[in-house]
Amino acid sequence: MKGLGIVTTEASAEPTRRDFLYIATGAVAAVGAAAAVWPFISQMNPDASTIAAGAPIEVDLTPIAQGQDIKVFWRGQPIYIMNRTPKQVEEARNTPLSDLKDPQTDQARTKEGHENWLVVVGICTHLGCIPIAHEGKYDGFFCPCHGSQYDSSGRIRQGPAPLNLPIPPYQFVSDTKVQIG
Amino acid sequence: MSGPSTYQPQSPLMKWLEQRLPIAGLVHSSFIAYPTPRNLNYWWTFGAILSMMLAVQIVTGIVLAMHYTPHVDLAFDSVERIVRDVNYGWLLRNMHAAGASMFFIAVYVHMLRGLYYGSYKAPREVLWILGVIIYLLMMATGFMGYVLPWGQMSFWGATVITNLFSAFPVVGDSIVTLLWGGYSVGNPTLNRFFSLHYLLPFVIAGVVVLHVWALHVTGQNNPAGVEPKTEKDTVPFTPYATLKDVFGMSCFLVFYSWFIFYMPNYLGDAENYVPANPGVTPPHIVPEWYYLPFYAILRSIPNKLLGVIAMFGAIIVLLFLPWLDSCKVRSSRYRPIAKRFFWGFVATCLVLGWLGSKPAEGIYTTLGQVFTFFYFAYFLIVLPVLGRMEKTLPLPNSIAEDVLNKGKVTKAVAGLVAVLFAGGLMVGGVQPAKANEGGENPPSLQWSFAGPFGTYDRAQLQRGFKIYKEVCSNCHSLKLLQYRNLAEPGGPGFTVEQAKAIAAEAQIKDGPNDQGEMFERPGRLADTFHSPFPNEQAARAANGGAAPPDMSLLAKARTYSRGFPQFIFDFFTQFQEQGPNYIAALLQGYEDTPPEGFSLPDGSFYNKWYPGHSIKMPPPIQSGMVSYDDGTPETLEQYAKDVTSFLMWASEPHMEARKRLGLQVMIFLIILSGLLYFVKRKVWSNVH
Ligand code: FES
């Protein structure tokens, strides 16, 4: 049992030890609080079954005739697979890079030996609407939301979108089968 | 929260704000300058602990609601998906489930403290009544939350509790239909319970604000039960009470973590790992432990309506407590006779809780009636009469004087620890009582995954998987498990390539394709171990009328009574292997000739460990049936252990992560509590 006065002297006699205790406790508590927050943030990330369901998919190309396209879904995103006509390929390849907002050659956007196949993520790079295939001035894609125009290589030519339609990871398993992812 | 604040804003910004919204002043006068009696003991920290638990339940609940699906076909699986797939989902779920029990343990301590020290007496009647309202809301919230996982106990608990209202004459049936939203407990019921379970905690939070407001108007009661008179009787809330509360909370977290990380199923009912089945009632319907005393009161009265009235009355009577207790002296410290009756009342509640977990028959009913009488007698006879007769001891003149006279703190701390453990024990103790009353128990085997540091034996899991694949999977599915799990950390340790190969061996029905037809394809990592039968009816028809159960949760869904005093040791040794012991014993429990006098139905087999002994499953496995390439003996005994270990892993794939994180959290909390203790002592050294 000590009086107030005694404590004051005691405290000022050894301020470092007391301060150290306070700081250590505060630091430990702060570290604990920060660590405790992590699970609550981490749980918002995709869970294990969502990730597992996002595994690569295989698509059979035989039913897609020249000049046609199909839309498949991978990881919840629409993927356009377009069997381009020689005219479309030619147009895409002959466009000078200086005409492009996001310069990229058609060669870089397709696979060698499968030049007729265009595989793009069908999400407008403006604000995420789905462009319509075979529409617009460039025989490519036209986004109805705010009028972005993509060419037959999925490159942005006109409108508010800043970038070309992205290319998903894919490879040809055979001439008639493509694996997306 | 009362009177003008003494808060003096320093910075111009705070001055500006204070003139427009005096929130800083409110916080200052309520939680910083607020005078608290200096003789409060650790029982008073439970108010802060309860606030913490409310916050924990709300935060974890909001997060769980992000992943949960309130639909009868999806609810059960969505909870399992949280536990198995969501990042830290197992942790959040355990926190919320164990948190409910912790909340009730804390609220019971808080209420009993109020009862012992007379905290409900004038001028604190409204404070007390608000507390009883919070308690009622908690009961409703807890009940509806227990329905959401949609297991067997969820469903049947919901059925039994909602049916309570049918006891009321004339309007009873209409009320029940209104609660259900249908002709029975079903999807509309689940949906509205989810909605209300989300809403009520915020209502609780609102009433808590009123509760704290009322508290700050009247001031806190204290162990001496005399009001503070001078400055010397009180200390400012911060840092004194704050630090004490934080230390109390930290200790409580240690206790809480024991359940979260080491005994997540000690507080739950194994039956709730069986999906709800409206066609089969479990042999023992038992509510969660925190309702048991009231459940015992309900059952002890042979008349339906009177039973329900008695049960509600047992809670309603608390509202009138301030007027039933006529004694002017608050603290039982100075009421020698009331003190004895108080402890008698605590014992009555414990006995009622124990009775509530027992079957309502024979001696239990009689005891139930006796203790129900004791319960009501305490409020309606003892307290009113005692107040007029009892000769109380002299009160101290002031709180300061009380502090000088006593050094009771250590005693209070010891009492606190004892109560927490006793609470935990009682809570767990009622669980085993539910299953498998009487009879011999399966032998306890040595499991590599038992205890605080237990891990799975990878080789054993691989052998167990082999048995599942070659034997069990001919009839049983594992639909909560996906092939990818085989390669995940903490499991059998297959490589991703191996898991892919195993998956590819399975034929999975998929479709429809572009022609609208279903087709078969090789399995992928994201596929589940599906049932070999196209639907439940087919499974039943092919197995003599009993569909082989899905085995994903089997090791957690089976249990048996360990009896007294074994369950007390189980709390400390973290024994939770009833399920594995049972499964291993069952596989070896077949007997060709049933004992004398046992008549075995046609198409059934005698098994020593199966409840009722007559099982439809033929002996599934014999020695030598599955070949091991690692030299492990190919005996039935070994098979049983291996496949059981595999099933244990299947029912809890993240067990190793749970125990690992548990150790870290425990060490951290113990260090933090130690530091807080010294800080608190340092700060308080100039008061004592
Ligand atoms: S989203 Fe396509 S143009 Fe705006």
Side-chain angles (χ1 to χ4, degrees), chain A residues 1-12 14-64 70-72 74-75 179 181, chain B residues 56 59-60 62-64 66-67 81-82 84-93 95 239 243 246-247 250 253 403-404 407 480 482-485 488 500 513-514 521 524-528 653-654 661 664-665 668-669 671-688:
Chain A
M1 203 70 52
K2 303 168 199 123
L4 258 167
I6 306 168
V7 172
T8 327
T9 24
E10 192 185 69
S12 57
E14 39 172 5
T16 42
R17 219 181 76 190
R18 190 194 60 177
D19 291 349
F20 176 74
L21 179 63
Y22 292 173
I23 291 168
T25 310
V28 169
V31 167
V37 170
W38 176 242
F40 292 88
I41 296 171
S42 175
Q43 56 85 22
M44 304 260 268
N45 269 319
D47 67 21
S49 63
T50 307
I51 292 169
I57 53 166
E58 285 191 353
V59 183
D60 181 17
L61 301 177
T62 37
I64 315 169
I70 60 164
K71 205 179 346 174
V72 295
W74 177 65
R75 296 193 169 169
Q179 188 197 51
Chain B
V56 167
V59 172
T60 53
I62 288 174
V63 162
L64 289 171
M66 293 181 192
H67 304 279
R81 290 264 76 93
I82 292 174
R84 287 157 190 265
D85 289 340
V86 172
N87 299 339
Y88 295 101
W90 59 268
L91 172 65
L92 300 166
R93 201 265 170 132
M95 279 173 82
L243 270 175
V246 170
F247 173 61
S250 184
L253 282 176
V403 172
L404 285 174
L480 296 172
Q482 301 183 345
Y483 288 98
R484 66 184 161 86
N485 294 129
E488 281 169 5
K500 270 188 186 154
N513 60 15
D514 291 343
R521 60 162 175 81
R524 302 185 192 126
L525 285 179
D527 289 319
T528 63
H654 293 306
L661 187 59
Q664 293 163 358
V665 170
F668 172 84
L669 283 175
I671 292 175
L672 180 65
S673 302
L675 283 170
L676 283 168
Y677 175 73
F678 287 114
V679 169
K680 184 242 140 198
R681 218 174 57 162
K682 205 90 188 166
V683 167
W684 276 80
S685 60
N686 54 10
V687 177
H688 287 309

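Chain A is the first sequence line, chain B the second, and so forth, proteins listed ahead of strands; every chain is numbered from 1.
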Legend entry - Polar side-chain atom of B:His654 near backbone of B:Trp90 as donor-acceptor pair, under 3.5 Å: no
Legend entry - B:Asn485 and B:Glu488 side chains, donor-acceptor separation under 3.5 Å: yes
Legend entry - For chain B, which residues of residues 54-62 of chain A have heavy atoms nearer than 4.5 angstrom: none
Inset, instruction - With a 4.5 Å cut-off on heavy-atom pairs, point out which of A:Ala52, A:Ala48, A:Ala24 contacts chain B the most. - result: A:Ala48
Inset, instruction - Could you look at B:Val246 and say if it's the side chain, the backbone, both or neither that has a heavy atom under 4.5 Å from chain A? - result: neither
Legend entry - Over all atoms of both residues, closest heavy-atom pair of B:Met95 and B:Val56: CE-CG1, 4.2 Å
Inset, instruction - Name all residues meeting the side chain to side chain donor-acceptor pair (under 3.5 Å) criterion together with A:Thr25; count only those two or more places apart in sequence or in a different chain, and write none if there are none. - result: none
Inset, instruction - Check whether B:Thr60 gets within reach of chain A through its side chain, its backbone, both or neither, counting any heavy atom under 4.5 Å. - result: both
Legend entry - Residues that B:Arg681 engages under side-chain contact (heavy atoms from CB on, under 4.5 Å), provided they are two or more places apart: B:Tyr677, B:Phe678
Legend entry - Proximal component of B:Leu676, with respect to chain A [non-hydrogen, under 4.5 Å]: both
Anything under 3.5 Å between a donor and an acceptor, one on a side chain of residues 30-46 of chain A, the other on a protein residue two or more places apart or in another chain? List them.
residue : atom : partner : partner atom : Å
A:Gln43 : OE1  : B:His67 : NE2          : 2.6
A:Gln43 : NE2  : A:Phe40 : O            : 2.8

Inset, instruction - Determine the minimum heavy-atom distance between B:Tyr483 and B:Arg524, stating which atoms define it. - result: CD1-O, 3.6 Å
Inset, instruction - Keeping the roles fixed (side chain from A:Arg75, backbone from A:Gly181), state whether a donor-acceptor pair exists under 3.5 Å. - result: no
